[in-house]
Structures are given as structure tokens and as C-alpha cells.
Protein chains: 2
Amino acid sequence: MYIHAVSHYLPTQVVGNEHFTQLNGLSSDWIIERTGIVERRKAAPGENTNTMTLDVIRLLEPKADLSTVDLIVGATYTPYDTIVSLAHEAQHSLGIADIPVVSISTACSSLLNAIEVVEGYFALNKATRALVIVSEHNTAYNNDQDKISGHLWGDGAAALLITKERQSEGDFAIKALLTGGAAHTSKATTAVMMKPMEGGVTMPHGRDVFINACQYMPKASLQVLERCGLTLADVDYILPHQANLRISRNVMHTLDLPEEKLISNIQYLGNTGCAGCAIALSEQWDMFEKGQRIVVTVFGGGYSYGAMLIEV
Amino acid sequence: MYIHAVSHYLPTQVVGNEHFTQLNGLSSDWIIERTGIVERRKAAPGENTNTMTLDVIRLLEPKADLSTVDLIVGATYTPYDTIVSLAHEAQHSLGIADIPVVSISTACSSLLNAIEVVEGYFALNKATRALVIVSEHNTAYNNDQDKISGHLWGDGAAALLITKERQSEGDFAIKALLTGGAAHTSKATTAVMMKPMEGGVTMPHGRDVFINACQYMPKASLQVLERCGLTLADVDYILPHQANLRISRNVMHTLDLPEEKLISNIQYLGNTGCAGCAIALSEQWDMFEKGQRIVVTVFGGGYSYGAMLIEV
């Protein structure tokens with residue numbers, strides 16, 4: 001399968017670290033040292049995961065024919081509407097009748113869960129052109145005052161047109177993809193949570209998330225390379241889940257790869273949940289050169305993880 | 001693929017129609033005439049979609065070996081936790097490492113979306129034994145005072161072990177499954193909504209939901225039969241999404257089938273969302289006879305729909 005085109009949308013409001021300094025006394029230097037985050041985007045009143053879905057579709061339309069999409073898979077853990085999901089909103093906007101529409105909610109790993117669902121539909125011959133949309137409105141569920149995790153989150157969305165067959169020379173090939181879950185570990189279900197009816201996001205065990213993210217993303221990256229008969233020497237870029245710059249650097253250190261091979265947008269976007277890697281892919285799309293290989297690897301709350309090897 | 005075993009869990013508290021009569025003046029006769037609902041279950045304080053997940057796993061364990069599950073797909077539109085999804089909770093409870101874990105949130109059609117996702121993993125040879133869990137805590141997001149939809153909702157959950165190959169003579173075969181979406185229609189994104197940050201469920205256009213449900217469930221049922229070279233004469237039972245008894249009867253009327261062939265639990269459970277059909281399948285499991293065929297058909301908010309043919 002192939003990524004034919006990608007788009008992303010970012011809300012215009014920029015929230016700098018000084019916002020949190022004023023609220024709860026965390027200094028910008030402390031936030032940068034601990035997370036790498038300098039600023040993040042915040043959705044405007046009236047914006048949400050469904051409106052950002054419409055934005056990324058509008059931005060994808062000039063790059064790809066969306067009229068023949070035959071599967072829509074959406075993903076978010078910060079839903080505006082859990083009944084009219086963002087995948088439904090996308091179908092409504094495109095006006096395409098009778099195609100399968102699925103929404104995923106597997107926290108920060110959802111981009112790869114969504115693409116694996118697409119892979120399944122392709123294998124079943126139930127679809128050939130899938131629109132994948134990842135959209136997060138973290139600030140809707142966030143408590144800015146929270147000194148532990150209030151400063152981490154940002155909003156944003158991305159859309160990918162994924163096709164079973166190559167559509168053009170510029171397509172990126174998905175050579176392999178795997179997902180897994182580490183929810184069997186002791187703190188997986190209590191480390192980071194987002195309970196809509198109980199005040200939103202909390203992160204009582206950030207250190208456990210950190211440790212497991214640093215362990216599972218390198219492991220999954222090596223596994224996906226192994227499935228393709230490749231090694232780290234064949235990889236040009238690592239694009240890890242954008243949760244914390246220290247985690248990303250730790251992943252590179254574990255893989256013994258230089259930081260020049262790290263793709264990161266958390267510095268100016270914060271943790272944009274399952275949208276982060278897709279936004280980065282869209283931001284960097286024109287920078288990649290033919291033949292380059294990118295490993296996208298994710299790890300999130302609930303401790304599901306995954307890795308995908310892309311060849312430009 | 002095959003359904004090897006099913007379990008269901010219902011909270012103990014029964015809420016009769018008189019609860020709503022006291023709150024907002026709707027008479028029990030009026031509720032029964034309009035919806036068929038006499039009573040519904042309500043989760044106790046401390047119960048939620050994740051605790052009900054643990055309950056259905058506990059109830060499934062005596063019926064099936066869950067230690068070799070290699071895929072978990074959860075579904076809900078009434079999440080307790082959008083990060084630690086009920087699929088993560090299930091993996092944590094079972095203690096199985098490294099398997100794919102996916103949560104679906106495609107409103108009332110999610111049972112069939114979830115099973116179609118399983119079908120994809122089976123086609124990819126990425127799984128052979130899938131645990132599907134559907135769990136709804138509607139009363140957490142419901143406004144009991146709401147005269148339009150406050151009286152419709154109930155809580156409950158079900159679990160299914162679905163295997164690629166037949167495990168035993170008693171397995172039910174899934175002969176065909178399809179899903180689709182009708183979100184292209186004008187009111188699909190505004191008819192029934194559940195916005196966690198804006199007060200929960202609302203149903204401004206119940207009549208439009210009714211009309212489309214009555215149209216799409218018969219259509220999908222006929223399509224799934226056609227794919228198997230069968231007709232309605234080959235069907236023993238229709239199990240429609242449990243949204244409203246009038247919709248279910250309308251579906252039977254459209255298909256020109258007698259009401260004896262209708263499976264329904266809405267009278268005593270209310271609308272239990274994506275769990276309704278799976279609960280009914282579990283309730284009736286021992287009643288089915290070898291060779292019988294059941295069409296499960298769903299339609300929900302956001303207007304996604306589907307149908308599945310089961311052969312006992």
C-alpha cells in the first residue's frame with residue numbers, strides 16, 4: 001500500500017510556555033528542559049476534531065482525487081462527538097454514499113492502528129482508496145493548571161490518502177506495518193488517562209509512560225525493519241510519536257542513530273496525540289528524497305504501540 | 001470466521017418508565033407505544049464501560065480459552081476513558097503481551113465495524129483468535145429530563161470470541177459481513193449526537209434517524225444474503241440494532257417477515273448502543289438450532305450501517 005498524499009491543519013493560536021508560568025509557575029526553561037516544548041497550538045472556540053477534519057480534507061483535495069475514496073478511517077481520543085465521529089463528518093463532507101466508515105480510539109497509537117485497519121480492508125478487497133484522518137483537540141480535555149501534564153498538549157490534524165496500488169511516482173510505499181499492545185504491564189491502565197466525565201486528562205505515572213515508550217518504540221522499529229530484511233543502516237529518518245523530545249532523543253540513543261535522523265515537531269506543536277506523526281509527515285513531505293526510508297513508530301496511553309516502514 | 005462463544009453483562013439496577021414520568025411527565029404507555037421500552041438497566045456508581053469489559057471477560061472465560069487471544073477489538077461511544085480504552089483494559093486484565101489492540105467508536109454500528117476489522121486481521125494473517133468487546137454506558141452521557149431521548153438509553157456489554165477457523169461443532173459461522181455509511185445524507189451529522197464536552201446525547205432529528213434506519217437495515221440485510229446466494233426464505237431470525245421496537249417491526253414489515261422471526265431485547269434493556277445485538281446474541285445463544293440462519297443488521301448515529309449473516 002501507498003501514501004499518495006498528506007495534508008495537515010494547525011489552529012492559528014500559539015500558546016507559549018509563559019501561559020503556564022502565569023497559571024502555575026512552571027518556567028519556560030523547565031518545560032523546555034523536561035519536554036522540549038516551546039509552544040503549541042490551541043483550537044479556537046468553535047473548532048474541534050470534526051471541524052479540523054473538514055480543514056484537512058479541504059487541504060488534501062488539491063493534492064488527490066477524493067471523489068473515489070471507498071473507505072474512511074478516522075482517529076481521535078479527544079472526540080467532539082462520539083456518535084457523529086470525525087469519520088462520519090468526513091463522509092458527510094465528501095458526499096460519498098455507502099462506503100465503510102470506521103472511527104478508531106486507541107489513544108496515541110491510533111495512526112498506525114488506523115492504517116493497519118486499512119491494510120485489512122485492502123487484503124479483503126473491500127477497499128482500494130482509503131482516507132485516514134487523525135485529529136486531536138487535546139486542549140478541550142486538558143487542565144492547563146495541572147503542573148504534571150497541563151503544558152504538554154497541543155491541537156492539530158492530518159489526513160492521508162492511502163491506496164492499495166501505486167498511483168504515481170511520488171507515492172510513498174508502506175513496506176511493512178505492525179502494532180501491538182503492552183497493556184499487560186502493571187501501570188498501563190493508570191499511567192495516563194482521559195476520562196470525559198471526570199475532568200479529562202491526568203498523568204499520575206508519567207515516568208512509567210516514559211520508560212515504556214523508550215523501550216517499545218525502538219523494539220517495534222527493529223521488528224518492522226527485520227520483517228523487511230533491513231537494518232538501521234538502511235534507515236534515513238525515525239519519526240517517533242511526538243510525546244516528549246526527551247523520549248524521542250532516548251529512542252535515537254537506544255537505536256544508536258544521530259539526532260539528524262530524528263523528525264520532530266513537538267518543539268512548536270506539543271503533543272498532538274495520534275495526529276503528531278502524520279502532521280510531521282505532511283510538514284516534511286517535500287523534503288524527502290527518492291529511495292529514502294522512514295520508520296514511523298508510536299507508543300501511547302493504554303500502552304499500545306506500533307511501527308511502520310515507509311520508502312519514498 | 002466463527003463465533004466460538006459469547007457473554008453479556010447487565011447492571012443490576014432496573015429503571016422503569018415511571019422514573020421518567022416523575023421527571024418529565026412522559027407516561028409509561030406513551031413510552032411503550034413510541035419505543036417499545038418498558039424498562040432499562042443503569043450502571044451503578046463505579047461501573048463504566050471499562051468495568052463492564054472486565055465483567056464480560058469474567059463471564060466469557062468459562063466458555064472459551066482466552067489465554068491465546070491474539071487480537072482485541074473494543075467498541076463504545078460512551079467511553080469511560082478515551083486513552084485507556086476498554087480494549088486496553090481487556091488486554092491488561094488478560095495479561096497477554098504484544099498483541100494488537102484496537103478500539104472502535106463508530107456509534108451504534110460498531111459491533112459490525114469491529115468484526116469487519118477482525119476479518120481484516122484474519123485476512124492479513126495477523127490474528128486468528130479475536131476478542132471483541134462492545135460496552136455502552138449510555139446513562140453516563142444521558143440527560144434523563146430530555147423528553148425526546150432521555151428515556152431511550154440503557155447500559156450493558158457483551159464479549160465475543162471470534163476465530164478464523166472452526167473450534168468446535170457449536171461455533172456459529174459468519175458467512176458474510178458488510179458495512180457502509182449513509183453520512184452523505186442531509187441530516188446524518190445532526191440527527192443524533194453525543195458531545196462529551198457539551199452535555200452528552202441529543203437527538204434533534206429522531207424522525208430522520210427512524211426513516212433512514214428503516215431503509216438501510218432491510219437494504220443491508222438483503223445485500224448480505226445476496227452475497228451468499230440466499231434469500232429471505234433462508235433466514236430464521238432477524239436481529240436488528242436495538243434502537244426502537246417500532247423500527248425493528250418496520251424492518252420486519254419491509255422484509256415481509258413475521259414478527260416471530262424478530263429478536264428483540266429493547267423492551268427490557270432500552271437502546272444499549274453497539275452492545276444491543278451482541279447482548280441479544282448471547283441471551284439467545286442456547287435457543288438457536290443447528291442450521292439456523294440469523295441476519296444481524298445495524299444502523300446508528302452518523303448513519304453507518306451493516307449486516308452480517310450467521311449460520312448456526
Side-chain angles (χ1 to χ4, degrees), chain A residues 50 72 76-85 87-92 94-108 113 116-117 119-124 126 140-141 178-185 188-190 192-198 201 300-304 306, chain B residues 50 72 76-85 87-92 94-108 113 116-117 119-124 126 140-141 178-185 188-190 192-198 201 300-304 306:
Chain A
N50 284 23
I72 298 171
T76 187
Y77 59 75
T78 53
Y80 171 60
D81 190 327
T82 62
I83 285 189
V84 181
S85 74
H88 293 123
E89 192 76 55
Q91 188 194 14
H92 188 67
L94 291 171
I96 304 173
D98 295 334
I99 59 172
V101 169
V102 188
S103 272
I104 305 286
S105 176
T106 316
C108 290
N113 297 109
E116 198 165 51
V117 167
E119 192 184 24
Y121 275 89
F122 287 175
L124 290 165
K126 286 189 171 184
Y141 290 88
L178 64 88
T179 69
H184 62 291
T185 56
T189 56
T190 54
V192 50
M193 300 168 281
M194 194 175 284
K195 300 175 180 169
M197 306 308 280
E198 293 182 16
V201 68
Y303 291 9
S304 42
Chain B
N50 284 25
I72 298 172
T76 187
Y77 60 75
T78 53
Y80 171 61
D81 190 325
T82 62
I83 284 189
V84 181
S85 74
H88 294 124
E89 193 75 54
Q91 188 195 13
H92 187 67
L94 292 171
I96 305 172
D98 296 334
I99 59 172
V101 168
V102 188
S103 273
I104 304 285
S105 176
T106 316
C108 290
N113 297 108
E116 198 164 50
V117 166
E119 191 184 25
Y121 275 88
F122 287 175
L124 290 166
K126 286 189 172 185
Y141 290 88
L178 64 89
T179 68
H184 62 290
T185 57
T189 55
T190 54
V192 51
M193 299 168 281
M194 194 174 285
K195 300 175 181 170
M197 305 310 279
E198 292 182 17
V201 67
Y303 291 10
S304 41

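Quick note on labels: first sequence line is chain A, next is B, and so on, each numbered from 1.
Interface summary for chain B: among A:Cys108, A:Ser105, A:Ala188, the most heavy-atom pairs under 4.5 angstrom belong to A:Ser105. Of all the listed residues (B:Ala87, B:Gly120, B:Ser103), the one sharing the greatest number of non-hydrogen pairs under 4.5 Å with chain A is B:Ser103. Annotation: maximal heavy-atom pairing with chain B below 4.5 Å, among A:Gly300, A:Pro79, A:Gly306, A:Pro100, occurs at A:Pro100. Chain A forms the most heavy-atom pairs under 4.5 Å with one residue out of B:Ala97, B:Ala183, B:Gly301, and that residue is B:Ala183.
Under the 4.5 Å side-chain criterion, counting only non-hydrogen atoms from C-beta, A:Tyr141 is in contact with B:Met197. Between A:His184 and B:Ile96, every side-chain heavy-atom pair lies at or beyond the 4.5 Å cut-off. Inter-residue side-chain proximity for B:Lys195 and A:Val84 is flagged as unmet; no heavy-atom pair is nearer than 4.5 Å.
The part of A:Thr185 that comes within reach of chain B is its backbone (N, CA, C, O), which places non-hydrogen atoms under 4.5 angstrom from that chain. Of the atoms belonging to A:Ile104, heavy atoms from both backbone and side chain fall under 4.5 Å from chain B.
Taking OG1 of A:Thr82 as the reference point, atom CE of B:Met193 lies at 11.5 Å (rounded to 0.5 Å). Between A:Tyr121 atom OH and B:Glu116 atom CD the span is 3.5 Å, to the nearest 0.5 Å. Taken from OG in A:Ser85 to CG in B:Asn113, the straight-line distance is 9.0 Å, to the nearest 0.5 Å. Atom CD1 in A:Ile83 sits 13.0 Å away from atom OG1 in B:Thr189 (nearest 0.5 Å).
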**OP:** Start with the C-alpha distance between B:Gln91 and A:Tyr303, add both sets of side-chain angles, then the distance that settles side chain to side chain contact (heavy atoms under 4.5 Å, CB included), and finish with yes or no.
**Re:** CA-CA 10 Å; B:Gln91 188 195 13; A:Tyr303 291 9; over 6 Å; no

